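Below: the structure, in C-alpha cells.
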Amino acid sequence: MKRMIQNIILLLLLSFSILLIMYGNGLASASMVSAQEAGDSLEGEDDDVQVEMDEGSPLPNDDSTSITENDEEEEERQLKPSPDVDTYFLFTKPSGMSMELHAGKDVQFLVGVTNKGSKDFVLETMDASFRYLMDFTFYIQNFSTVAYNRVVKSKQQATLYYQFFVSESFAARSFGLTVNLFYKDADETQYLNSVFNETVTIVETDEGLDGETFFLYVFLAACGVLLLVGAQQLFTNMGKKKPAAKPKVEMGTQNVNDVDYDWLPKEMLNELNKSPRRSPRQRRTKRGTGSGDE
C-alpha cells in the first residue's frame with residue numbers, strides 16, 4: 001500500500017513539473033516575440049506601414065517619400081472607372097460580406113469583373129490598404145500589389161483572387177479597407193475602380209482551446225484518474241478481511257484401516273457418530289491416571 005501511494009505521488013510531481021516546464025517555454029517564446037517586435041519597431045518603419053500622426057505634428061524630412069505618396073494620391077484622384085466595366089466583391093475568408101476581420105488571420109476575397117463594352121480590357125494590378133477612418137486619404141497599412149495582366153474580352157467576365165494578412169496589433173480597432181483595381185482598355189487608357197471602400201472592424205480570434213489550457217485539462221484529468229485508482233485500491237484492501245480461524249475439533253481416530261462396522265447394530269453406530277471420539281493415546285492416559293488414583 002505504501003509503495004502504491006509513493007508511485008501516485010511521484011506521478012503527480014512528474015506531471016506538475018512537465019506542466020511548469022511547458023508553461024515556462026510558452027512565456028519565454030512570447031517574451032522573445034514581443035522583444036523582436038519591439039526591436040523591429042525601433043529599427044524603422046516598414047515600407048507598407050505608415051505611422052499615424054496628429055495634424056499638427058511635422059512631417060518627416062524625406063522628400064522622396066512624400067513625393068511618391070503625393071503622386072499616388074494624385075494618380076488615384078485622376079483615374080476614374082470605366083462605364084463599360086462592372087465589378088463585384090465577395091469575401092471568402094471570412095465568408096460572406098462580414099465587416100469583421102480576425103486579427104492574426106488571412107483575409108481572402110474575390111473580385112468579379114464584367115466587360116459590357118465593345119473593347120477589350122486588360123486587368124493590370126490590384127492592391128488593398130487600411131485607411132484612417134477620419135481621413136481615407138491617410139494610409140495606415142499598404143498591402144501587396146498583385147499583378148494579373150489578364151485580358152477580358154467584350155461581353156466576358158473574369159474573377160480575380162486576393163489575399164492579405166491582418167496583424168494582431170490591429171485587434172479591437174476599426175479601419176477603412178480600400179481595394180483598388182487598375183486596368184486599361186485597348187487604347188491604353190488607364191482606369192481605376194474602387195471595388196471595396198468600407199469600414200471594417202478587427203476582432204480578436206476566439207479560439208476554443210489553446211495549448212496551455214489543453215495541457216492544464218490533461219494534468220487535471222491525470223490527477224483525477226490517479227486519485228480514483230488510489231481510492232479503489234484503498235477500499236479494495238480494506239474490504240478484504242482475513243477469514244476467522246476455525247476451532248480445531250478432535251474427531252478421534254479415523255477409519256484408516258477400513259474396518260467393517262456393518263455387523264454393529266444401527267443404534268450403536270448412531271451412538272458412536274454422536275459421541276466425540278478420543279484417540280487411543282488419550283484413552284491410555286486416562287486409564288493410567290485412573291489406575292494410579294486407585
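All values below come from the heavy atoms of this structure, side chains included, with hydrogens, waters and symmetry mates left out. This structure is a prediction, so every number in the text was calculated from the model and none was measured.
If you take CD1 on Ile202 and OG on Ser167, they are separated by 9.5 Å, rounding to the nearest 0.5 Å. The line from NZ of Lys119 to NZ of Lys184 is 13.5 Å long, rounded to the nearest 0.5 Å. Taken to the nearest 0.5 Å, the CG atom of Leu192 stands 7.5 Å off from the OH atom of Tyr183. The distance from the OH atom of Tyr88 to the CG atom of Leu160 is 14.0 Å, given to the nearest 0.5 Å. To the nearest 0.5 angstrom, Leu90 atom CG is 8.5 Å from Ser95 atom OG. Rounding to the nearest 0.5 Å gives a distance of 5.0 Å between CG of Asp187 and CG of Asp185.
Following chains of ILVMFWY side-chain contacts shorter than 4.5 Å, one cannot reach Tyr161 starting from Met126, and the two form parts of different hydrophobic clusters. Met134 and Phe136 fall into different hydrophobic clusters, defined by Ile, Leu, Val, Met, Phe, Trp and Tyr side-chain heavy atoms under 4.5 Å apart, directly or through other members. At a threshold of 4.5 Å between side-chain heavy atoms, the hydrophobic network of Ile, Leu, Val, Met, Phe, Trp and Tyr places Phe109 and Val146 in one connected group. Cluster membership check: Phe89 shares its hydrophobic cluster with Met99, using side-chain heavy-atom separations under 4.5 Å among Ile, Leu, Val, Met, Phe, Trp and Tyr. Following chains of ILVMFWY side-chain contacts shorter than 4.5 Å, one cannot reach Val203 starting from Val107, and the two form parts of different hydrophobic clusters.
Glu100 and Thr201 form no side-chain donor-acceptor contact under 3.5 Å, judged by distance and modelled atom types alone. Side chain to side chain, Thr137 and Asp135 meet the donor-acceptor criterion of an N or O pair below 3.5 Å. In this structure, a donor-acceptor pair under 3.5 Å is present between the side chains of Thr178 and Asn197. Gln163 and Asp106 form a side-chain donor-acceptor contact under 3.5 Å, judged by distance and modelled atom types alone.
No cation-pi contact links Arg131 to Phe175, judged by a cut-off of 6.0 Å to the six-membered ring centre and 45° from its axis.
For the residue pair Thr199 and Ser174, the shortest heavy atom distance occurs at CG2-CB, 4.4 Å. Heavy atoms only, all atoms of each residue included: Thr145 and Tyr162 are closest at N-OH, 4.5 Å. Contact detail for Gln157 and Thr114: the closest heavy-atom pair is NE2-OG1, 3.3 Å. Nearest approach of Ala103 to Ala171, heavy atoms of both residues: CB-CB, 3.8 Å. What you find for Val179 and Ala128 is that their closest heavy atoms are CG2-CB, 4.1 Å.
Contact check for Ser129 versus Tyr139: side-chain heavy atoms found under the 4.5 Å cut-off. A heavy-atom distance below 4.5 Å is found between the side chains of Pro94 and Leu101. At a threshold of 4.5 Å between non-hydrogen side-chain atoms, the residues Asn193 and Phe182 do not count as touching. In this structure, the side chains of Leu110 and Phe91 stay at 4.5 Å or more apart for every pair of heavy atoms.
Side-chain atoms of Asn115 come within 3.5 Å of backbone atoms of Val152 as a donor-acceptor pair (strictly under, hydrogens ignored). Of the possible donor and acceptor atoms, one in the side chain of Thr236 sits under 3.5 Å from a partner among the backbone N and O of Gln232.
Exactly one residue among Val85, Thr125, Val113, Asp127 makes a side chain to side chain contact (heavy atoms under 4.5 Å, CB included) with Leu181. That residue is Val113.
Heavy atoms of other residues, nucleotides or ligands lying less than 6.0 angstrom from NZ of Lys116 number more than 12.
Between Phe164 and Phe130, the ring planes are perpendicular. Angles over 60° get that label, and only those under 30° would be called parallel.
Residues forming a side-chain hydrogen bond (donor to acceptor under 3.5 Å, both in side chains) with Ser82 (at least two apart in sequence, or on another chain): none.
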**OP:** I would like to know whether His102 and Glu204 meet side chain to side chain contact (heavy atoms under 4.5 Å, CB included); could you show each step before the answer?
**Re:** CA-CA 6 Å; His102 297 280; Glu204 295 182 357; over 6 Å; no
